[in-house]
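Working notes, beginning with the structure itself.
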Amino acid sequence: MQALEKAGFFIKRQRGSHIIMRRDDPFAQLVVPNHKELDRGTLRAIIRQAELSVEQFVELL
């Protein structure tokens, strides 16, 4: 979640264990599960929806 904040996302709201993050320019909205571990496919889907490459995401960590 911190890597996404570095990419310009902010927390819009939270419902249960799901956090909705949003970026205004360019517009993107993500749903991020608030769990200790994420499935590999779920993490890749979040990275893809954020319009980042895996390498860019790793650099933001």
With a cut-off of 3.5 Å and sequence neighbours excluded, list every side-chain donor-acceptor pair involving residues 5-15.
residue: K6; atom: NZ; partner: L60; partner atom: O; Å: 3.1
residue: Q14; atom: NE2; partner: G16; partner atom: O; Å: 2.9

Where L38 and I46 come nearest, the two heavy atoms and their spacing: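 The pair with the smallest heavy-atom distance is CD1-CD1, 4.2 Å.
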Please determine whether side chain to side chain contact (heavy atoms under 4.5 Å, CB included) holds for the pair F57 and L43, giving the CA-CA distance in whole Å, both sets of side-chain angles, and the decisive distance to 0.1 Å. CA-CA 10 Å; F57 184 77; L43 182 57; 4.1 Å; yes
Give the C-alpha distance, both sets of side-chain angles, the deciding distance and a yes or no for side chain to side chain contact (heavy atoms under 4.5 Å, CB included) between I20 and L30. CA-CA 6 Å; I20 290 80; L30 309 170; over 6 Å; no
Filter on salt bridge (charged side-chain N to carboxylate O under 4.0 Å, His left out), then keep only pairs touching residues 50-61, sequence neighbours left out; what's left?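 Sorted result for residues 50-61: R23-E51.
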Flag yes if M1 and I47 sit in one hydrophobic cluster, no otherwise; membership is Ile, Leu, Val, Met, Phe, Trp, Tyr, and two members link when side-chain heavy atoms are under 4.5 Å apart.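 M1 and I47: one cluster.
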Are L4 and V54 connected in a single hydrophobic cluster, I mean Ile/Leu/Val/Met/Phe/Trp/Tyr linked by side-chain heavy atoms less than 4.5 Å apart?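 No, V54 and L4 fall in different hydrophobic clusters.
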Any pair with a residue in residues 24-46 that passes side-chain hydrogen bond (donor to acceptor under 3.5 Å, both in side chains), sequence neighbours left out, goes on the list, sorted by first then second residue, please.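 Every side-chain hydrogen bond (donor to acceptor under 3.5 Å, both in side chains) pair that includes a residue of residues 24-46, provided the two are not neighbours, is R22-D24.
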